[in-house]
Each structure stands twice: as C-alpha cells, then as structure tokens.
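Below you'll find the structure, written out as structure tokens, and then a few comments.
Note: hydrogens, waters and symmetry copies are ignored here, and every other heavy atom, side chains too, is used.
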Amino acid sequence: MILRLPGVLAPLGAAALGALLLAAPACVVAVGAGAGYVVSREIDDDVRAIRVKKDVDAVWTAAREAIDILRDPATEPAFFADPRRIEARVDGRSVTVDVVVIDLDLTEVQIRAERSLVGKDRTAETIEQKILDRL
C-alpha cells in the first residue's frame, strides 16, 4: 500500500495510520455527527467496543433504552449499577453490555453476544447501532 500525503504531514500521517492499523486490525475511525463517536472497532462477530464523546450517565441511559427496545419478549434484563452492566437476551442470545468511564465526557461501551453456531450474526452490531441512535 502506498500512502501519499502532501508535504510535511506525510510522515506523521503514515505513522498515525500505521499505529491505527496495528492497534486494531478491524478498526474503523468514524467521524460522527450526531452521537459524536470517536472510534468503533469490531473485535469479532460477537464482540464490539465503541468509544463515545459523551458523559457516562448519558451513555448508560442510551444503553438501557436500547436493550429495553431490543430485548426478547417475556424476558427481563438485569441492570447492575457498579460496574454499569446489562445482562439480557436479544434475538435469542445472551448479551452483556458494559458501560465504562474512560475520562470526563469519554465513555466506552463493550458489547458481547453469545456466539452463534450458524455463521455470522449481527446481534452485537445491532445493539451498538441502537445505542448510537439513542445518543
């Protein structure tokens, strides 16, 4: 891969891109508008982590609302305050959502969905998108 950046920024741009690619091979940098999210990276099909430029309380509320919308009927999610964790069933799969303070106005959401035996599943990705929609 050849990276061409104009002028003095070329070494800096190449170094930043290289560091990004080494840090998380499936990392996608998102220039977010509404939610103001910084980075979304797919760890694998069933685990996702996102960092958002929002206060932890706002993200926690969005995560709770998203799970309430997506949860399987006739099931009740379990909400834990410390650490902020949600355990629920979504699309017939066990799901865990952790909301972690990284810094003031920077929060990470870690989403784990039970592995599917039949190919790729988008449960974790669906939860991630619903949380971002609520922010």
Side-chain angles (χ1 to χ4, degrees):
M1 175 170 94
I2 298 173
L3 180 66
R4 294 181 189 207
L5 297 173
V8 179
L9 295 178
L12 179 61
L17 181 61
L20 181 64
L21 292 175
L22 288 176
C27 187
V28 178
V29 176
V31 181
Y37 52 95
V38 181
V39 175
S40 174
R41 66 181 183 271
E42 182 176 337
I43 298 171
D44 65 29
D45 292 339
D46 304 310
V47 180
R48 297 185 72 86
I50 54 175
R51 286 191 177 188
V52 291
K53 285 185 165 183
K54 294 281 185 182
D55 177 68
V56 68
D57 292 328
V59 178
W60 176 241
T61 300
R64 290 177 59 120
E65 291 171 354
I67 291 297
D68 275 337
I69 292 168
L70 296 171
R71 70 181 171 85
D72 289 348
T75 65
E76 286 297 320
F79 300 102
F80 303 96
D82 190 26
R84 289 179 178 90
R85 171 175 279 190
I86 304 168
E87 295 174 356
R89 299 222 27 109
V90 175
D91 295 335
R93 303 176 65 203
S94 294
V95 171
T96 302
V97 178
D98 291 308
V99 179
V100 182
V101 176
I102 302 299
D103 201 354
L104 186 63
D105 290 333
L106 183 61
T107 305
E108 182 168 280
V109 181
Q110 302 162 355
I111 304 161
R112 286 174 220 73
E114 181 179 45
R115 288 200 179 270
S116 173
L117 297 176
V118 288
K120 269 190 162 179
D121 186 75
R122 299 283 185 209
T123 302
E125 183 179 352
T126 301
I127 295 167
E128 174 188 73
Q129 191 56 54
K130 185 60 79 175
I131 291 170
L132 291 175
D133 290 346
R134 309 292 303 168
L135 290 172

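Rounded to the nearest 0.5 Å, atoms CD1 (I127) and CD (E125) are 11.0 Å apart. Note that the OG1 atom of T126 and the CG atom of L70 stand 7.0 Å from one another [nearest 0.5 Å]. With values rounded to the nearest 0.5 angstrom, E128 atom CD is found 5.5 Å from I111 atom CD1. Within the model, atoms CZ of R122 and CD of Q129 stand 12.0 Å from one another, a figure rounded to the nearest 0.5 Å.
The two residues A124 and V47 have their closest heavy-atom pair at CB-N, 4.4 Å. Minimum interatomic distance between R89 and S94 (heavy atoms only, all atoms of both residues): NH1-OG, 2.8 Å. The two residues K54 and T107 come nearest to each other via the heavy atoms O-OG1, 2.8 Å. Contact between I67 and A88 at its shortest, heavy atoms only, is CG2-CB, 3.7 Å. Scanning all heavy atoms of the two residues, the minimum distance from L135 to A62 falls at CD2-CB, 3.6 Å. Across L106 and R51, no two heavy atoms sit closer than the pair CD1-CB, 4.3 Å.
Residues that satisfy the salt bridge (charged side-chain N to carboxylate O under 4.0 Å, His left out) test with R84, not counting sequence neighbours, are D57. D105 pairs by the side chain to side chain contact (heavy atoms under 4.5 Å, CB included) definition with D55, not counting sequence neighbours.
The side-chain hydrogen bond (donor to acceptor under 3.5 Å, both in side chains) pairs that include a residue from residues 59-83 are E65-R134, where partners are two or more places apart or lie in different chains.
Considering T96, D98, V97 as possible partners of E87, the one that fulfils the side-chain contact (heavy atoms from CB on, under 4.5 Å) test is T96.
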